[in-house]
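Contents: one structure, followed by commentary.
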Amino acid sequence: MRLGEQIEAGIRRLNDVIVDRPRAVVVAFLLLTAVFAGGIGLVSTETEPTEGFTQGLDEQEALDAVNEEFEDPFAADGESTQLIHVSGNALSKEALVRNLRVLERVESRESLRMEDANGPATVIAQAIDPSATTVTEQRRALEGATETEVRRTVRQLNAANPAFSRSLATDFNPTSASASASITVVSHDVPSGFDDLAGLQTEVASIAEDEPADIRAFGTGITNAETGQVIGDSLTIVMPVVVLLLLLFLIVAYRDPIDLSLGLLSLLMTVLWTFGFLGYSGIPFNQQMIAVPVLLLAVGVDFGIHIINRYREETVEGLEPIEAMRTANNQLMVAFVIVTVTTVFGFGANVISDLTPIRNLGLASAVGIVFTFLIFGLFLPAVKLEVDRLRERYGVPEFNSKPISSEDSTLGRVLAFPARASRYAPIAFVVVLLLTGGVAAAYGSGVDTSFEQEDFLPPAEQPEYVTSLPEPFAPGTYTVTETINLLEDRFATSQDQSVTIYVEGNFEADHALAALSQPNEDPPDALAVGDGGSARPTSVATVIQSHADRNPEFGELVARNDRDGDGVPEQNLDRIYDELFASPSGDRAEQYLTPDRRNAKIEYAIDADASQAGAAADARTFAEDFRYEATATGQLVVFDAITDIIFDSAIQGMILAVGLTAGFLVVAYAVLEGKPYLGIVNVFPILVAIAFLIGTMRLLGLSLNALTATILSISIGLGIAYSVHATHRFIDEYNDGRNAYGAMLTTLSGTGGALLGSMLTTSLGTGALALAITPVLGDFGLLMALSVLYSFVFTVVALPPAVLLWERYRSTRTGRTVTSSA
């Protein structure tokens, strides 16, 4: 017995178990559902939107070292909260007092664990009254001062300590002692392993909101809390819409409430099994994972419609239920196996990504597809037979058991039209499809790739359909995006405007500062923003020069040790550092040189017109010019590295998915049917669909990002189902003695109706993700809907002429006569 016959015999035996012992199958699956349900409570939620993407990157490790080793007054780490005060003048006496009142209330609550606070209000108050060490004493000192005294103090602080201005908006005017915003950093004394930073910072935010001023809290905890809230709110908005759309179209497809209930039960079991797997495997649920249940529902709907529709086709022919299901399942099981394997290839291709969240998405969706096959391929036929037995026993009528379409129906004739049209010139049809697909792919090759934190956060202004939703669907209030925009607009803290070079070496060596400064004269284009095309760095060398300009004694020390007169000392650096760190500029110096003088950082301003990719590439090239070991880092560089990996993942995943799918189909059709070239024919419509999808992405201005990068391989996995079902039905009809044209007419008019119903439910179901609150999910949902639509359209349009050409080729090799009869 040949291998194909052995496989078919095995499938028939499995099908016999389903048909002959349906009750045992149903009980077994219900027990498994109870087991998987136990894992749902173990599912964890990942609320840090970008953390998983940065793991293992050299640029991120350098940035972590920078954040750990260098003091930054704006660093909202795990133990601090930023208070941003926006005012007509954040340095007025009234604004400063209000800021201190908030700090007083924070300090008075033991649960907030306030250790200290550092901001303009505290610094000014202590300058006015050096004995004011507590927040209450500082508030009283400011209340007792005059506006004139406050302005004078601001000017004195600015002159003596340049770091003072870093806590103020870029519009700070020392002459008038005015600024439109300020930042105060509250440090919290929390124990190791403290895990309620979100609750702590949220409570600080509520205190700030009670003050009659625009003071908002910001920090990692609040960002993560809102990210988690976005996940919940997006599910609350999207899933009811998905379920409603599925319900409406399933009603049309099934037209029988009992069959509809069985389909919904199978969908529910699929989701339960998948979430249980996530819990048992430890894979966290994040924003990207919201796409997984939607994808599984899409494939499940496809399987469910096909099994019920094909079963009805057999019962209409007069077969008894058991034999009808046996026949339908014998024919569909092979198609289901092929669809499952190819879909696993498409979804699972993402596991090769170097980015953990994309790997997890690929693994979870691939495992979920296997669950979908088991439930819809084994459980649904068994439970359908059991329920039909009960219906017959108790006399429950069938409401509508006709298939969706047939050769005699109007819909069947419409779906079969491409086959009729391509009959006369299949070569022309294929050439036109190849040319248009090639043009679309070439155009789409210019699609952008991006990775931004804002992709995972809700927009500052929600669309009206979101804000007008009633409870319990109404989303919460989001502030993070608005606050981030405020920080970028008003403070010189945006990492998008600078890159950092992390340098490791001995900075007490005579040549150390010269080694930091030497590359600055000939930087790459993106960093050439200084006079004469030089770089504009901020480092310990620039802090030394700045302090030397203000302090004559220190300036003489630097001049004595500056042998070439360029303002950069070359000897006695240890003494210079000691003097600098002991001066008012010491705090500033600590931001660029570690106390052990072994590590330094340099911040470089970048050209405002430079792209992220260009600036990051220039920064990496520039780092190679340093005498010491240097690494380019900063948020811009890290995100650019992720962007490169996202693009590589998208292309590699697509190539892997196409290669595995095509190879498997060629082998499968060769083994099962002795028709290997049908595997190539099967893939043709999906390749055209992917080409048009890529072109559409660029046309709509959509980029490959943290989630849409998976769309190419996922589209292959999801879209191939349409072509596989049509091809498999074609083989059945072709093997019965019809020619390719007649077999394709029957396929499109019969199975085409199921494909249409599946397309409508799947495209609208996945398209509901466009309603999600975050842009990354919205774009993914739109592209999924387009992908499914294109897969259906090109299955109906591109498969008939490809099949006709296949028959011509086959006839020349086998001698089979091609006739024009259907």
Side-chain angles (χ1 to χ4, degrees), residues 71 73-74 76 79-169 171-190 200-219 490-491 584 586-587:
E71 183 179 337
F74 299 121
E79 298 181 352
S80 64
T81 304
Q82 295 182 13
L83 289 176
I84 301 112
H85 189 174
V86 181
S87 173
N89 180 12
L91 292 176
S92 68
K93 173 183 172 180
E94 179 184 6
L96 295 171
V97 169
R98 285 180 173 173
N99 206 310
L100 289 172
R101 282 177 182 159
V102 172
L103 294 178
E104 260 189 302
R105 293 179 59 192
V106 172
E107 188 179 44
S108 66
R109 297 191 186 182
E110 294 184 4
S111 61
L112 298 181
R113 301 172 178 269
M114 176 171 155
E115 184 176 23
D116 58 52
N118 182 22
T122 61
V123 173
I124 294 171
Q126 284 189 304
I128 293 174
D129 182 2
S131 65
T133 56
T134 68
V135 176
T136 300
E137 291 171 345
Q138 292 165 1
R139 174 181 57 79
R140 291 171 179 167
L142 272 173
E143 287 177 337
T146 63
E147 287 282 3
T148 301
E149 189 175 1
V150 170
R151 287 194 294 270
R152 182 171 63 249
T153 304
V154 169
R155 288 192 286 268
Q156 291 172 348
L157 286 170
N158 181 66
N161 184 8
F164 173 74
S165 64
R166 297 194 69 214
S167 61
L168 299 168
D171 59 6
F172 166 55
N173 186 332
T175 303
S176 61
S178 63
S180 63
S182 68
I183 295 178
T184 300
V185 178
V186 179
S187 298
H188 304 282
D189 182 16
V190 298
L200 185 150
Q201 292 184 341
T202 301
E203 189 173 352
V204 173
S206 66
I207 291 174
E209 290 173 359
D210 290 339
E211 184 68 26
D214 186 359
I215 302 176
R216 59 192 75 182
F218 182 68
R490 302 208 185 190
F491 294 89
D587 291 342

Ignoring hydrogens and angles, write down the donor-acceptor pairs under 3.5 Å from the side chains of residues 205-213, residues two or more places apart or on other chains.
| unit_1 | atom_1 | unit_2 | atom_2 | d |
| --- | --- | --- | --- | --- |
| S206 | OG | E203 | O | 2.6 |
| D210 | OD2 | R105 | NH2 | 3.4 |

What closest approach, in Å, do [X] and [Y] show between heavy atoms, and which atom pair accounts for it?
{"X": "L112", "Y": "L200", "value": "CD2-O, 3.6 Å"}
{"X": "S80", "Y": "V185", "value": "CB-CG1, 3.9 Å"}
{"X": "V204", "Y": "A217", "value": "CG1-CB, 4.2 Å"}
{"X": "A90", "Y": "L96", "value": "O-CD2, 3.6 Å"}
{"X": "A95", "Y": "N89", "value": "CB-O, 3.5 Å"}

Which distance, rounded to the nearest 0.5 Å, do you find between the [atom1] of [X] and the [atom2] of [Y]?
{"X": "R155", "Y": "N173", "atom1": "CZ", "atom2": "CG", "result": "9.5 Å"}
{"X": "K93", "Y": "E149", "atom1": "NZ", "atom2": "CD", "result": "9.0 Å"}
{"X": "L103", "Y": "Q138", "atom1": "CG", "atom2": "CD", "result": "8.0 Å"}
{"X": "R101", "Y": "R139", "atom1": "CZ", "atom2": "CZ", "result": "7.0 Å"}
{"X": "S92", "Y": "R151", "atom1": "OG", "atom2": "CZ", "result": "10.0 Å"}

If we count only N and O atoms by modelled type, under 3.5 Å, do the side chains of T184 and H85 hold a donor and an acceptor together?
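Looking only at side-chain atoms, H85 and T184 do not form any donor-acceptor pair under 3.5 Å.
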D129, T122, I128, T153 screened by side-chain contact (heavy atoms from CB on, under 4.5 Å) with L142, the one that passes:
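Answer to the side-chain contact (heavy atoms from CB on, under 4.5 Å) test with L142 among D129, T122, I128, T153: I128.
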Would you say D171's side chain and S180's backbone share a donor-acceptor pair under 3.5 angstrom?
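Side chain of D171 to backbone of S180: a pair is present.
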E137 side chain vs T133 backbone, donor-acceptor pair below 3.5 Å:
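Checked: pair present.
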Test item: F172 and L91 side chains (from C-beta on) under 4.5 Å apart, heavy atoms
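Yes. Closest side-chain heavy atoms under 4.5 Å.
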V135 side chain near M114 side chain, heavy-atom distance below 4.5 Å
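Yes, close enough: below the 4.5 Å cut-off.
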Residues D116, S187; criterion side chain to side chain donor-acceptor pair (under 3.5 Å); working and verdict:
CA-CA 5 Å; D116 58 52; S187 298; 3.3 Å; yes
